[in-house]
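Convention: sequence-line order gives letters A, B, ...; per-chain numbering from 1.
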Protein chains: 2
Amino acid sequence: MDMITNDLRDDILSGRFAPGDRLLELQLSEQYTCGRAAIRSAIVALTTEGLVEREENRGATVRRISITEAIQITEARSVLESLIAAQAARHATEKDHAELRDIIEQMRTAVGNDEGKAYSELNRVLHRRLREMSGHDIAAELVANLRNRAAHHQYRLAVMPGRSADSLEQHAAIVDAVVAGDEAAAAAAMTAHLESVIEVLHRWGDANVR
Amino acid sequence: MDMITNDLRDDILSGRFAPGDRLLELQLSEQYTCGRAAIRSAIVALTTEGLVEREENRGATVRRISITEAIQITEARSVLESLIAAQAARHATEKDHAELRDIIEQMRTAVGNDEGKAYSELNRVLHRRLREMSGHDIAAELVANLRNRAAHHQYRLAVMPGRSADSLEQHAAIVDAVVAGDEAAAAAAMTAHLESVIEVLHRWGDANVR
DNA sequence: GTCAACGATTTTGTTGACATTCGGGTACTT
DNA sequence: AAGTACCCGAATGTCAACAAAATCGTTGAC
């Protein structure tokens, strides 16, 4: 795939470009030392990925995601990640089980030491490994995309005080079900986890009515 | 959005371009009477949509979807459409209910008269209206994309003899649940419907091992 | 007769210049 | 002073030519 597209995507996800920021072709072509055509191509790709918004003759901006949209994104993620969890429960090997248990252990110490950044990273790793173990490429691709779209709101969530503890137990429940090979339980645990995320988003949305 | 992208997408979905066909930029720019830049842009967009495959310096081809991939696509669709059905059950108005019942009625006569083409079209309409009624833009967008990706396999399915009868009852069950406002039942009925589609795909795949 | 190297052709990738469109600022009118 | 028409600048959209890469056919050697 195109390298420039990945660079620009990373810069958007990392917050280097914030929601609402204009993406000027000339400026970007200088910044990434490439022609305007490459930038244009990247913008088209990221537009269909839902990360960028384009208006005829007016240029591109980083897409703003409203709270209600973030909730819908998480709802969609919920059903897809549940599918992934079920498939992971079906396909995970002994080695995978050990790895998952190890990740949970690391999360536990991260929560104990109040290392929010490390926990967030482990969270990402756990979900990614589950996707890989599931072998469900389609669901994995869609979830990866949905995660990107709501990246900013996910970040807000991660730094909420006290959430790590709840989150940890939910993740542990998911891993337990996967290790037990119980597809239904794995799906249910994943649904419960994301339901709680949706709950938090709802509360945050209600608190910030405008 | 770009008009050329829509035209090319339609031509791929309608089979005007078959899986594996090369998409030559010059040829397409003549066919659609536009510059190569527009074609390039369309190809990039359709690549991220999963309809087209691109290889460095080797051009683009219409993506081939294997049976196992079609199954995964339908599995992902299953959980997302179930979400949509639940939301439709929650949000549908009296007017919507009447419209859904009317569609089912038309489907019933189409099956009675053995009009496969008309039934297939009504099928598409029903699913699209449910998406619209759900108000869940994210799930709707993802499902629309997934449907496009597996369009060819869906077509195979539609022309299978005897499937219309089963399919009709499943759709009637979905509509009944939505009209009753029963979210869980609507989701379950939709899951059952797509489970049966997956079943057929599996059988077709086993019959064509290679 | 087979295989490898070479050249021609086709196709994609890239660059630069030009056209078009939109927004804002200015000057002019009332 | 308010409103309107106009013009200019900035950015996007479009086009054509050029460069680079890959494929295919041909030629020649063994």
Taking any heavy-atom pair under 4.0 Å as a contact, classify B:Ala37: base, sugar-phosphate, or nothing.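 Counting heavy atoms under 4.0 Å across all strands, no contact is made by B:Ala37.
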A:Leu23 near the nucleic acid: base, sugar-phosphate alone, or nothing, with a heavy-atom cut-off under 4.0 Å?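 Sugar-phosphate: the residue A:Leu23, judged by heavy atoms under 4.0 Å, touches backbone atoms but no base.
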Among B:Asp7, B:Asp11, B:Thr5, which one satisfies side-chain contact (heavy atoms from CB on, under 4.5 Å) with B:Arg9?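 Between B:Arg9 and the candidates, side-chain contact (heavy atoms from CB on, under 4.5 Å) is satisfied uniquely by B:Thr5.
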Is any side-chain N or O of B:Arg58 under 3.5 Å from a base N or O of C:dG13, one able to act as donor and the other as acceptor?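 No pair found.
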Length of the [atom1]-[atom2] vector between [X] and [N], whole Å:
| X | N | atom1 | atom2 | value |
| --- | --- | --- | --- | --- |
| A:Ile43 | D:dG13 | CD1 | C1' | 13 Å |
| A:Ile39 | C:dT14 | CD1 | P | 12 Å |
| A:Glu25 | C:dT14 | CD | P | 16 Å |
| B:Arg22 | D:dT23 | CZ | P | 9 Å |
| A:Asn57 | C:dT21 | CG | C1' | 5 Å |
| B:Arg40 | C:dT12 | CZ | C1' | 6 Å |
| A:Gln27 | D:dA11 | CD | P | 9 Å |
| B:Glu30 | C:dT11 | CD | P | 10 Å |

Rounded to the nearest 0.5 Å, what's the gap from CG on B:Leu23 to CD1 on B:Ile12? Could you check?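 So the gap between those two atoms works out to 5.5 Å.
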Beyond-backbone contact of A:Phe17 with A:Leu8, side-chain heavy atoms, under 4.5 angstrom: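 Contact flag for A:Phe17/A:Leu8 side chains = yes.
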Carboxylate-amine/guanidinium contact B:Glu99 B:Lys95, below 4.0 Å: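 Answer for the salt bridge query: no.
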By nearest nucleotide on DNA chain C, pick out whichever of B:Gly59 and A:Cys34 is the more 5' one.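 Comparing both residues, the 5'-ward one is B:Gly59.
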Measure from the side-chain heavy atoms of B:Leu24 and tell me the nearest of C:dT14, C:dC22, C:dT11.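 It is C:dT11.
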